[in-house]
Structure formats: structure tokens, C-alpha cells
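Down below is the structure, laid out as C-alpha cells.
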There are 2 protein chains.
Amino acid sequence: MASSGFHTHDHVKCVAEALGALESYCQTEGLKFTTLRRRVFELLLEEHKAMGAYDILDRLRTEGFSAQPPVAYRHLDFLVAHGFAHKIERLNAFIACTHIGALHDPAFLICRECRTVSETMSDSSILALHHRASDADFQIEESVVEAIGTCPDCR
Amino acid sequence: MASSGFHTHDHVKCVAEALGALESYCQTEGLKFTTLRRRVFELLLEEHKAMGAYDILDRLRTEGFSAQPPVAYRHLDFLVAHGFAHKIERLNAFIACTHIGALHDPAFLICRECRTVSETMSDSSILALHHRASDADFQIEESVVEAIGTCPDCR
DNA sequence: TCACTATTGTTATACTATAACATCAGGAAA
DNA sequence: TTTCCTGATGTTATAGTATAACAATAGTGA
Ligand SMILES: [Zn+2]
Ligand SMILES: [Zn+2]
Ligand SMILES: [Zn+2]
Ligand SMILES: [Zn+2]
């Protein structure tokens, strides 16, 4: 068991399921489950903490991969585009999705000390905005809901 | 009348009130209402659109002010710290607050085409995240709620 | 074989933000 | 008045984040 999203869970299973989901997604969509795609996702999955693109890059470099900025961004963007990761705007960083396969507008609890992130599938604050948006004839395409604070472990 | 937040309003009055609020705030807090503070705020107030720090800088430069990055960030940070502006994380840009003086957790509707922003005062009690946060013994210190889409004018 | 497409490699550059320190102006204390 | 302190501004340099553009490669199917 490991701490995640500020509660304990079976993280080994958590990682295995996520990797399995990416592999079968790639198969059914005709995408390649390449070494780098897998490895970048594994790095994001190691802990439930936000990682910057350049953190990823440093890890890849020590493992002997090519480590120019575009390789990190390419694979992170791939994961985000297909719903396996999210960008945390407040931190300019990335996190593995913990609700893979579910259509969702994620909301995050982010510890400013340790960068641990807990993901929720939706949040009523965005519903209020949807209401206001329809009043204004505004079409919401994407939402960012992030709460920054300190987690129990960092207090 | 001008369009703002996707609805018409008296923008001349809107600007005048905001500048007046900053001036009296500075007086009561013993802060100086300097030319640059005033000018940066005026630039943000020109339209209800998010402006990047370097957009501000370009404007200052054409007006003969010193235009090194720290001058833009210093005054933008000043406005944000005292509640007269907000940072739009999704755009790495800034916007004048439209609810000056009110304690609020703002939420934004942001047009991806024209960068026009409409600000809502979200009642933080409606955040489902707060509920989840207290379950997890997580203390929220700050929130980011942004919806990105297209406004009526850009369709 | 050939052509096509997806993926990866590489160089260069753009965009965003802050650290650190020098200078200046105004007000309070000596 | 002179000195000192504080807040504000000026300036240089650098750190951190992200993308454009194009070359090379590998696999697929005609
Ligand atoms: Zn886990
Ligand atoms: Zn998710
Ligand atoms: Zn207005
Ligand atoms: Zn506001």
C-alpha cells in the first residue's frame, strides 16, 4: 500500500491497470505502444505527484534515451490527448489520470509542498460555470479546476 | 457601452471605478499610487481581455517607460497581491478583477479566440472539492477555476 | 519495390518568469 | 539639516517552460 491522493491504496495494482489500459487502448486505436510512450507513462505513474516536462527529460536522459525537450512534450501531449494524463496548469506540470476510460472533467487537490495530486472526476463549481456560460451563449470546451493547499503529510 | 464578459455594460464607468478603488486602497493602506502602478492597471482595464506580461511590457516600451521583464511582473504581482487583478493560469496571462473589494474565489469563462474573459465570483462553499478536501484533511488555500471555450462573437 | 504514414531524432528558438543587486525618492529620527 | 530607513524603480543576467521546423527511420500495404 502507498499513499495517494492523500489516502492509501494498492499502488502496484494502480500502475499495472493503467499500463494495461494504455496498451489495450493503443491496440484498439491502431496506435503503437512504444518504449518511450510506455516509459514516460511509467514515470508519471511512479507516484501521484505532478512532474514537469524537464523532470521527465532528466529521467530519460539518465536512462540513455534521447532527451531533447520535444521528446518529453511529444509523449506527454500524446498521453494528455488520449486521456491518460492531465496537465496541472498551476504547476506547469503533468499527472497520470486516475480515472482512465471515464469521460470526465477532472478537478484536482494539489499540495504545494510535495506536489502530490488527488484527482476528482468532476466538481460542482464547473456546473455553476456551465449555467452561466449557457446564459452568455458561451460554449465551454474544456475546464481547469485546481485547488492548491497543503496535504496532511506536509503539515 | 462596450462588450465585456460577453454582455454590454458601461465600460467607461467600469474603468473609472476600478482606478478610483485602487487609488483609495493605496491611500488607506499607505501604499503609493505611482504612475507605473496606475498605468499597468489602466492597460489591463482597457478591455476585458487577458494580457501577457510581455504584452504589457511592449505597451510600456512604446510609451517610453523602462521595459525590462521585472517591471511588468512587479506591477502585475502587486495588482494580483492586492486583489485588483487575477492571473489566468491557462493562458499565462493577467486580467483586471471585476469584483474589486469583494473577498472571492474567482471563476473565469475564457474565449480561446479573442481572450475575452468573464469573471464570476464563485461561492467557495459550492465547491465539491472543499467537501472532498475536508474528508482528506487537506487545507485549500487557493483555487483555480477556468473554463475555456468560444464566445458568441467568435462563432 | 515503392510510396505512404507514424514515430523519433535534432537543432534552434520563442515565450514566460525570477534572482540579485544598484539606484532613487520620500519620510522619520537624530 | 543630516542621517537613516523604507518602499519603489532600474538593470543585468539567467532560469524555466514550450514549440517550430525539418531530418531520419521504421513499419505497412499497394
Ligand atoms: Zn496509485
Ligand atoms: Zn483524469
Ligand atoms: Zn468594463
Ligand atoms: Zn476578481
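Each chain gets a letter, A, B and so on, in the order the sequences are listed, and its residues count up from 1.
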Check the distance between C:dT16's P and B:Ile56's CD1 and give it to me in whole angstrom. 13 Å
Length of the CD1-C1' vector between B:Ile88 and C:dT16, whole Å: 16 Å
Heavy-atom contact window of chain B on DNA chain D, given 5' to 3' at under 4.0 Å: D:dA8 to D:dT12
Grab the CG-P distance between B:Leu57 and C:dT18 for me, whole Å please. 14 Å
B:Leu129 CG to A:Ser124 OG distance, which is reported to the nearest 0.5 Å: 8.0 Å
If the cut-off is 4.0 Å, is B:Tyr54 near the phosphate of C:dC15, judged by side-chain N/O to OP1 or OP2? no
N/O (side chain, B:Lys87) to phosphate O (OP1/OP2, C:dA17) under 4.0 Å: yes
Of A:Pro70 and A:Phe78, whose nearest nucleotide on DNA chain C comes first from the 5' end? A:Phe78
Write down the distance between CZ (B:Arg90) and P (C:dT16), rounded to a whole number of angstrom. 13 Å
Separation of atom CD in B:Gln68 from atom C1' in C:dT18, rounded to whole Å: 14 Å
Using a 4.0 Å heavy-atom cut-off across all strands, classify B:Arg37 as base, sugar-phosphate, or nothing. sugar-phosphate
What I want to find out is whether B:Asp77 reaches B:Arg74 closely enough, with some N-O distance under 4.0 Å, to be called a salt bridge. no
How long is the line joining CG of B:Asp77 and C1' of C:dT16, in whole Å? 12 Å
Could you tell me whether the phosphate oxygens of C:dT7, OP1 or OP2, come under 4.0 Å of any side-chain nitrogen or oxygen in A:His75? no
Before accepting this row, confirm whether a basic side-chain N of the pair B:Arg61/B:Asp58 lies closer than 4.0 Å to the acidic partner's carboxylate O. yes
Could you tell me whether A:Arg37 and A:Glu42 make a salt bridge, using a distance below 4.0 angstrom between a side-chain N and a carboxylate O? no
Whichever of A:Phe94 and A:Lys32 has its nearest DNA chain D nucleotide further upstream toward 5': A:Phe94
Answer yes when B:Arg112 and A:Glu142 have at least one side-chain N-carboxylate O distance shorter than 4.0 Å, and no when they do not. yes
On DNA chain D, more 5' by nearest nucleotide between A:Gly52 and A:Arg74 is A:Gly52
Paired with B:His86, the side-chain hydrogen bond (donor to acceptor under 3.5 Å, both in side chains) test is passed by just one of B:His99, B:Glu119, B:Glu146, namely B:Glu119
Indicate whether OP1 or OP2 belonging to C:dA17 is found under 4.0 Å from a side-chain N or O atom of B:Asn92. yes
What is the ring orientation for A:His11 with A:His9, classed by angle as parallel under 30°, tilted 30 to 60°, or perpendicular over 60°? perpendicular
